[in-house]
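What follows is one structure encoded as structure tokens, with my remarks underneath.
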Amino acid sequence: MFERYTEKARRVIFFARYEASTFGTLAIEPEHLLLGLIREDRTLLDAFVSDGRVKLEEVRKEVEKRLQVHEKISTSVELPLAPETKRALSLAHEESEFFGHRHIGTEHLLLALLRCEGSVAAEVLAKIGITLEAARKQVAGQTGLDVSGKQSIRSQFTLDANAFGQKLSVLASQLKRHLGMMEVGVKEMNTYAEILLAGERSEPSVMNEERSGLNARAGRRTVLGIEKLVEESLGLLRGARVGLVCNQASVDHSLKHSADLLNEQKGFSLTTLFGPQHGIRGDVQDNMIETAHTVDRATGLPVYSLYSETREPTEEMLENVDAIVFDMQDVGCRIYTFVYTLANCMRAALRLGKRVIVCDRPNPINGVQVAGTVLEREFASFVGKFPIPTRHGMTVCELATLFNEHFGIGCELEVVKMEGWSREQWMDDGDAPWVLPSPNMPTLDSATVFPGTVHIEGTQMSEGRGTTRPFELIGAPYIFGEDYAAKLTGLGFEGVYFRPCGFQPTFQKHGGTTCGGVQIHVTDRRKFEPVIAGVAAVKVAFDMYPENFRWKEPPYEYVYDKNPFDVIAGTDKLRAQIESNFSVEAIKESWREPLKQFGSVREKYLLY
């Protein structure tokens, strides 16, 4: 019977587990189900409040008034269902049967929480004006059922908790077979539900084995490479003089900087820091603005800039270094310089007999989707050194291994993998911290659209630098936003809304001048294809405004003899297609074979 649970209902249980850990409670209570319900299906409750909007934080405050909040529990710790919560799930089943439904959904969970008399969840629901009678009428109205003469059938369908666990365990198994990788989170939620609800019937040894292998995925806990290095793999650094390549985003879960983490360890010496493009603090805004060598005020260590007169460590810089540790947050796009700083460090290590240890971090825009043009070697630059596609779907450690083995760098390389990360995850699907890795990559929203709108950099249009929404706002003074948005919308891209707008960059291209254009709102990131959408944004502007549109003039990232758009695209074919009036569909189709060839190479180097 539990194969009727909807995906939303399963997600409520998953979010309830997160809420319980946030409150520091030792079991998942009905109030955590309530908070999970609001997270997953807020519109269900909106119909019952006067202003039409249930606010999660206001409900949380009402819960906090009635509970003592303890120190947060790590999401890697499994929490059991409280007895009252088991009863609530049983009541949800009753409600589904009452209405003759074939599923158990969020509406049944809401009704069940309203029936948990005396619980914090029921009190808070009453406080915001939601009653069992009103909720039943709402569900009945959707069902077409007259509930006025119905009596409670609670006693008929009260379930034994162990039986519940057994049934849901079967459900999880079936869904794993039938849904597979349908959507991020389905497997993890099923795993968690199976462990959580089958715990009372499992042998302790079996439960321990299940939890140790699956708890990180179920709780979305991601142990970063730098954390694994410090906690488990310091033997890699024993007795070494260590140089660290880092910036402001090189932090652990507590937001402690990697330099501080390594500097307080024993058995080796942190001697040198290296900063990438934008500086070790990420304070330098633009491209081709070099940063100076300096001394770190916190540690007193020398800081060598690898975006200065050199982009590869010199023998002098590595004089006091035996091993280079690289801990940088990438953004999942070829056109981002940090992984080429890594490649340069690997080359220097080979030349000077040093070791390289790379600490992995999540690909923030997931490690599954691959798209775009594959770089041609004659267009290699500091925004693309190797024949990989625009969106590569790999992590830093995977790229390091690809660079070292397939592209032949051949240095002494160690990679420190993450634990608990899976390829389908976006950055906010896990608990890894997000600190802007560069000045114009402030949010995951920026990173989501970046593989597409980075192409705007190769034109005289503004890619939104100098605004609070870089790469989401695109346009130029000559563009009429409504017409431009309508043309882009007419291309039929899924998962995105092109909102016409005006914006005024405070610096960089068109600084101080109002630009017409669009803001790119991603409405479903699993369907959204940023690379072709970004290319389309260039093509549409080229087609609509032939008198005004201009390609950017060289230089771009120290390339003086090539069109900057070609440097970004890694080929001159894409610009030629735009200028020759190729359709968007034909442009995308031309990527198919190179992506297929890259895919066969890529597969050999995937670590997750």
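Distance alone, capped at 3.5 Å, is enough to place a donor-acceptor pair between the Lys354 side chain and the Val321 backbone. Between the side chain of Thr395 and the backbone N or O of Pro362, no donor-acceptor pair lies under 3.5 Å. Looking at His293, its side chain does come within 3.5 Å of a backbone N or O of Ser305 through a donor-acceptor pair. Looking at Lys588, its side chain never comes within 3.5 Å of a backbone N or O of Ile532 through a donor-acceptor pair. For Thr523 (side chain) and Gly495 (main-chain N/O), a donor-acceptor pair under 3.5 Å exists by modelled atom type. With Trp434 contributing its side chain and Pro442 its backbone, the two residues share a donor-acceptor pair below 3.5 Å. With hydrogens and angles ignored, the 3.5 Å screen pairs a side-chain donor or acceptor of Ser250 with a backbone N or O of Asp327. In this structure a side-chain-to-backbone donor-acceptor pair under 3.5 Å is missing from Thr373 to Gly570. Looking only at distances, no side-chain donor or acceptor of Asp330 sits under 3.5 Å from a matching main-chain atom of Phe338. For the pair Arg525 (side chain) and Trp426 (backbone), a donor-acceptor distance under 3.5 Å is absent.
With sequence neighbours left out, Phe450 forms a ring-ring contact (aromatic ring centres under 6.0 Å, His included) with Tyr336, Phe471. In terms of the side chain to side chain donor-acceptor pair (under 3.5 Å) criterion, Glu603 has no residue partners (sequence neighbours excluded). Listed by chain and residue number, Ala240, Arg241 satisfy the side-chain contact (heavy atoms from CB on, under 4.5 Å) test with Asp322 (two or more places apart in sequence, or in another chain). Not counting sequence neighbours, the partners of Tyr608 by the ring-ring contact (aromatic ring centres under 6.0 Å, His included) test are Trp421. Remark: Thr459 engages no residue in a side chain to side chain donor-acceptor pair (under 3.5 Å) (not counting sequence neighbours). Remark: His253 pairs with Arg221, Leu224, Glu227, Asp431, Pro433 by the side-chain contact (heavy atoms from CB on, under 4.5 Å) rule, at least two apart or across chains. Applying the side chain to side chain donor-acceptor pair (under 3.5 Å) test to Thr299 and every residue at least two apart in sequence or in another chain returns Asp296. Remark: Glu593 pairs with Lys596, Gln597 by the side-chain contact (heavy atoms from CB on, under 4.5 Å) rule, at least two apart or across chains. In this structure, the salt bridge (charged side-chain N to carboxylate O under 4.0 Å, His left out) partners of Glu463, at least two apart in sequence or on a different chain, are Arg465, Lys509. A search for salt bridge (charged side-chain N to carboxylate O under 4.0 Å, His left out) contacts involving Arg238 returns nothing, not counting sequence neighbours. Under the side-chain contact (heavy atoms from CB on, under 4.5 Å) criterion, Leu350 pairs with Cys411, sequence neighbours left out. Residues passing the side chain to side chain donor-acceptor pair (under 3.5 Å) test with Thr571 are Glu376, sequence neighbours excluded.
Atom-to-atom distance recorded for Ile388:CD1 and His406:NE2 is 11.0 Å, nearest 0.5 angstrom. Here Arg311 contributes atom CZ and Gln277 contributes atom CD; the two are 9.5 Å apart, rounded to the nearest 0.5 Å. To the nearest 0.5 Å, atom NE2 of residue His455 and atom CD1 of residue Ile335 are 5.0 Å apart.
A heavy-atom distance below 4.5 Å is not found between the side chains of Asn366 and Arg526. Counting only heavy atoms from C-beta outward, the side chains of Val303 and Phe274 never approach each other to under 4.5 Å. Side-chain contact between Tyr304 and Thr310: absent, with no pair of heavy atoms (C-beta onward) separated by less than 4.5 Å. Using a 4.5 Å heavy-atom threshold, the side chains of Asn344 and Lys385 count as touching. In this structure the side chain of Arg602 never reaches within 4.5 angstrom of the side chain of His392, judged on heavy atoms.
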| message | Assess the residue pair Val435 and Gln329 against the criterion (side chain to side chain contact (heavy atoms under 4.5 Å, CB included)); give the C-alpha distance rounded to whole Å, side-chain angles, the decisive distance to 0.1 Å, and a yes or no. | response | CA-CA 9 Å; Val435 174; Gln329 178 64 61; over 6 Å; no
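Results of the side chain to side chain contact (heavy atoms under 4.5 Å, CB included) test with Val396 over Asp360, Asn363, Thr401 single out Asp360 as the only residue that passes. His32 pairs with exactly one of Tyr18, Phe15, Phe23 by the ring-ring contact (aromatic ring centres under 6.0 Å, His included) rule, that one being Phe23.
Heavy-atom minimum distance, Leu79 versus Ala20: CD1-CB, 3.7 Å. Here the closest non-hydrogen pair linking Val356 and Ala349 is CG2-CB, 3.5 Å. Taking both residues in full, the closest heavy atoms of Ala343 and Ile409 are given as O-CD1, 3.9 Å, listed atom of the first, atom of the second, then distance. Nearest heavy atom pair, residue Leu237 against residue Ala323, reads CD2-CB, 4.4 Å. In plain terms, the two heavy atoms of Val251 and Arg361 that are nearest each other are O-NH2, 2.7 Å. The minimum heavy-atom distance linking Cys397 with Val416 is given by the pair SG-O, 3.8 Å.
Salt-bridge formation is detected for the pair Asp445/Arg469: a Lys NZ or Arg NE/NH1/NH2 atom is positioned less than 4.0 Å from an Asp or Glu carboxylate oxygen. Note on Glu405 versus Lys604: no salt bridge recorded, every NZ/NE/NH1/NH2 to OD/OE distance being 4.0 Å or above. Ion pairing of Arg355 with Glu414 is absent here, as no side-chain N (NZ or NE/NH1/NH2) approaches a carboxylate O to less than 4.0 Å.
Between the side chains of Ser381 and Glu557, not a single donor N or O lies within less than 3.5 Å of an accepting N or O. Defined by atom type and a distance below 3.5 Å, a donor-acceptor pair is missing between the side-chain atoms of Thr314 and Glu316.
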